[in-house]
Amino acid sequence: MNGTDFDSLRGQVRGQVITSVDAGYDDARTVQNGMIDKRPAAVLRVSQVADVIAGVNFARDNGLALAVRGGGHSGPGFGTADNAVVIDFSRTRGVRVDPAGKTARTEAGATWADFNHATHAFGLATTGGIVGSTGVSGLTLGGGIGYLDRKYGLSCDNILSADVVTAEGKFLTASDSENQDLFWALRGGGGNFGVVTSLEFRLHPVDMVHAGIVIYPAEHAEAVATFYRGYMAAAPEDFGAFLAFHQGPPVPFLPEEWHGKPVCVVVGMWTGDPAEGDTRWEPFLAAAPVAGSMVGPMPYPALNSAFDGMYPKGLLAYWKAAFLTELNDGAINAHLEYGRRVPSLQTAVHIYPIDGAVHRVGVTDTAFPNRTAMFSPVIACHWEDPGDSAANIAWVRDYAAALQPFSETAGYINFMDGDDAHRVADNYGPNYQRLRDVKAKYDPENLFHVNQNILPAEGVPAP
């Protein structure tokens with residue numbers, strides 16, 4: 001364990017500094033992914049921006065690595081690191097909504113469940129994730145794919161401003177009018193440029209939605225996938241739904257005989273005229289024999305958190321991701337081969353549509369460059385028994401390799417794992433050099449490297 005004396009840091013903050021000699025250290029050092037077993041030098045549970053500034057300065061001045069934790073859902077466990085200072089935002093989860101201006105300011109530790117609860121009171125929302133316990137900041141800084149992206153763009157497309165503590169310990173606001181280069185980089189560039197302490201979002205009128213969860217036996221997956229491809233090609237942007245491969249979940253609307261069995265699923269919602277809701281879902285109920293379904297009106301936050309119970313903290317996890325220009329027969333066949341062999345109840349293979357409003361943002365307008373892809377498949381394997389790790393990791397890698405011939409060079413950084421660091425340049429494509437230039441300006445020594453790391457333009461050695 002690092003021998004640094006943390007008493008001076010304790011004297012500078014109002015939050016809690018937890019080291020290995022303190023009660024609660026083992027709890028403080030854990031993240032969502034049970035595969036990650038890091039031992040940081042200290043976890044700083046910040047209470048305000050002043051604590052963040054103190055933590056950044058302390059780590060930099062003492063030559064310590066720095067990790068930043070919002071929701072803690074990072075698959076590779078980037079919310080912690082050995083012998084690092086972890087800036088933990090778990091106690092700063094406030095969301096302030098301006099209903100007249102249709103904006104919301106959220107603290108860095110807020111989850112999408114926190115955010116949606118606050119904005120739903122005013123009949124408003126913005127594009128968020130699929131699991132409510134996911135952190136707002138991490139998902140947004142990496143892009144932010146969700147149910148609403150076809151209609152309202154990615155999460156990062158809805159940022160109006162960000163408050164950031166830089167590697168020098170300076171507090172900056174990034175927006176269209178201030179520090180525009182930093183604002184550009186934050187919208188898809190991840191946590192490479194500083195510690196984001198709050199984000200301001202544009203909100204949209206989203207209240208009750210007509211949701212659908214339609215589950216089919218895996219033997220009908222080819223028919224479902226082919227129908228889904230055709231339907232989404234012509235669907236209005238009010239319809240946001242993803243194709244998925246799971247084991248049948250133990251939910252009331254799915255007969256017990258399908259629990260734990262391979263299934264194909266379509267999940268999503270209609271946000272247009274409520275009177276059209278049933279009509280919009282009827283084609284999916286007729287596309288193939290249905291094992292179970294739930295279709296009807298529900299509050300948007302209820303759909304956004306519908307799967308939270310399946311992903312408790314501590315599950316072991318390994319992820320891969322890609323982008324598809326089209327969901328062609330080759331890609332469908334790869335999903336049929338591997339999706340029918342989903343190895344656990346908690347494993348999720350999702351194919352997200354990212355057209356519509358996502359395509360109305362230019363490739364170089366934000367750091368997120370993947371504006372011509374039509375779909376983003378993610379392979380999120382989760383399991384309980386460490387004895388299954390080798391087989392499950394091999395399944396994910398084989399699955400990703402089978403999709404590769406039909407995929408773009410880039411992949412979605414929010415679902416990249418730790419062994420994907422070599423893909424960073426490809427993931428950012430035409431924006432990579434500009435990102436390196438912004439990195440060199442705001443973090444020339446690469447203090448913020450516990451992430452899908454972008455090296456400064458000067459090319460400092462990777463830590």
Side-chain angles (χ1 to χ4, degrees), residues 31-33 35-40 59 64-70 72-84 86 135 137-139 141-143 145 156 167 185-196 316-323 367-370 376-381 389-390 392-394 396-401 403-404 407-440 442-463:
V31 291
Q32 186 78 11
N33 186 353
M35 292 266 286
I36 308 302
D37 186 24
K38 304 293 186 181
R39 300 189 66 84
L64 295 171
L66 186 68
V68 182
R69 184 188 305 165
H73 268 242
S74 165
F78 288 146
T80 188
D82 286 329
N83 295 321
V86 174
S137 298
L139 183 101
L141 295 176
I145 292 170
C156 72
L186 292 173
R187 288 175 289 167
N192 274 282
F193 310 98
V195 183
V196 172
L316 288 77
Y318 185 75
W319 299 351
K320 293 293 177 193
F323 288 111
F368 185 93
N370 308 105
S376 177
V378 299
I379 309 163
C381 190
S389 295
N392 288 347
I393 290 171
V396 174
R397 289 174 173 167
D398 290 346
Y399 200 145
L403 276 177
Q404 192 279 326
S407 303
E408 295 189 359
T409 303
Y412 184 33
I413 67 163
N414 281 348
F415 275 86
M416 293 287 172
D417 220 289
D419 54 5
D420 289 312
H422 65 285
R423 298 186 61 185
V424 169
D426 288 337
N427 292 337
Y428 288 110
N431 292 337
Y432 183 60
Q433 186 55 52
R434 183 177 174 187
L435 284 164
R436 293 193 66 194
D437 292 340
V438 178
K439 176 77 169 180
Y442 291 96
D443 184 20
E445 300 302 318
N446 203 17
L447 177 65
F448 303 111
H449 63 263
V450 184
N451 45 42
Q452 295 291 347
N453 193 230
I454 297 168
L455 292 175
E458 289 76 10
V460 302

Can you tell if the side chain of L66 reaches within under 4.5 Å of the side chain of F448, non-hydrogen atoms only? yes
Any side-chain heavy-atom pair from F193 and I454 closer than 4.5 angstrom? yes
Please find the pair of heavy atoms, one from S74 and one from G79, that lie closest to each other, and give the distance. CB-N, 4.5 Å
Are the side chains of R423 and I413 in touch, meaning some heavy atoms are under 4.5 Å apart? no
Donor-acceptor pair, distance only, cut-off 3.5 Å: does the side chain of N33 make one with the backbone of A317? yes
Evaluate the criterion side chain to side chain contact (heavy atoms under 4.5 Å, CB included) for residue pair N446 and N453; output intermediate values, then yes/no. CA-CA 9 Å; N446 203 17; N453 193 230; 2.8 Å; yes
Hey, what do you get for CD1 (I36) to CG (L316), rounding to the nearest 0.5 Å? 9.0 Å
Nearest 0.5 angstrom please: F415 CZ to L139 CG, how far? 8.0 Å
When you look at F78 and V450, which way does the side chain to side chain contact (heavy atoms under 4.5 Å, CB included) test go after all the steps? CA-CA 6 Å; F78 288 146; V450 184; 4.1 Å; yes
Backbone of D417 reached by a side-chain donor or acceptor of Q452 within 3.5 Å: yes
Is it the case that the side chain of N427 and the backbone of A410 share a donor-acceptor pair, with hydrogens and angles ignored and the cut-off at 3.5 Å? no
Residues at least two apart in sequence or cross-chain that pass side chain to side chain donor-acceptor pair (under 3.5 Å) with N414, listed by chain then number, are Y412
Just so I know, are the side chains of Y432 and V424 near enough to count as touching, which here means a heavy-atom distance under 4.5 Å? yes
Rounded to the nearest 0.5 Å, what's the gap from CG on L435 to CG on L455? Could you check? 12.0 Å
My understanding is that only residues two or more places apart in sequence, or in another chain, count here; which of them pass ring pair (Phe, Tyr, Trp, His ring centres under 6.0 Å) with Y442? none
Are a donor atom and an acceptor atom from the side chains of Y318 and R397 found within less than 3.5 Å of each other? yes
Specify the closest pair of heavy atoms between P40 and V86, including all atoms of both residues, with the distance to one decimal. CB-CG2, 3.7 Å
Does the side chain of E445 reach to within under 4.5 Å of the side chain of L447, using non-hydrogen atoms? no
State, yes or no, whether a side-chain contact exists between M35 and I393 at a heavy-atom distance under 4.5 Å. yes
Between D419 and K320, does the salt bridge (Lys or Arg N to Asp or Glu O under 4.0 Å) criterion hold? Intermediate values first, please. CA-CA 10 Å; D419 54 5; K320 293 293 177 193; 2.6 Å; yes
Under the 3.5 angstrom rule, does the side chain of R39 hit a backbone N or O of D82 as a donor-acceptor pair? no
Could you tell me which non-hydrogen atom of G189 sits nearest to which non-hydrogen atom of A367, and how far apart they are? N-CB, 3.7 Å
Measuring only between side-chain heavy atoms, which start at C-beta, is E408 closer than 4.5 Å to D426? no
Kindly indicate whether the side chain of T80, heavy atoms from C-beta on, has any atom under 4.5 Å from the side chain of R69. yes
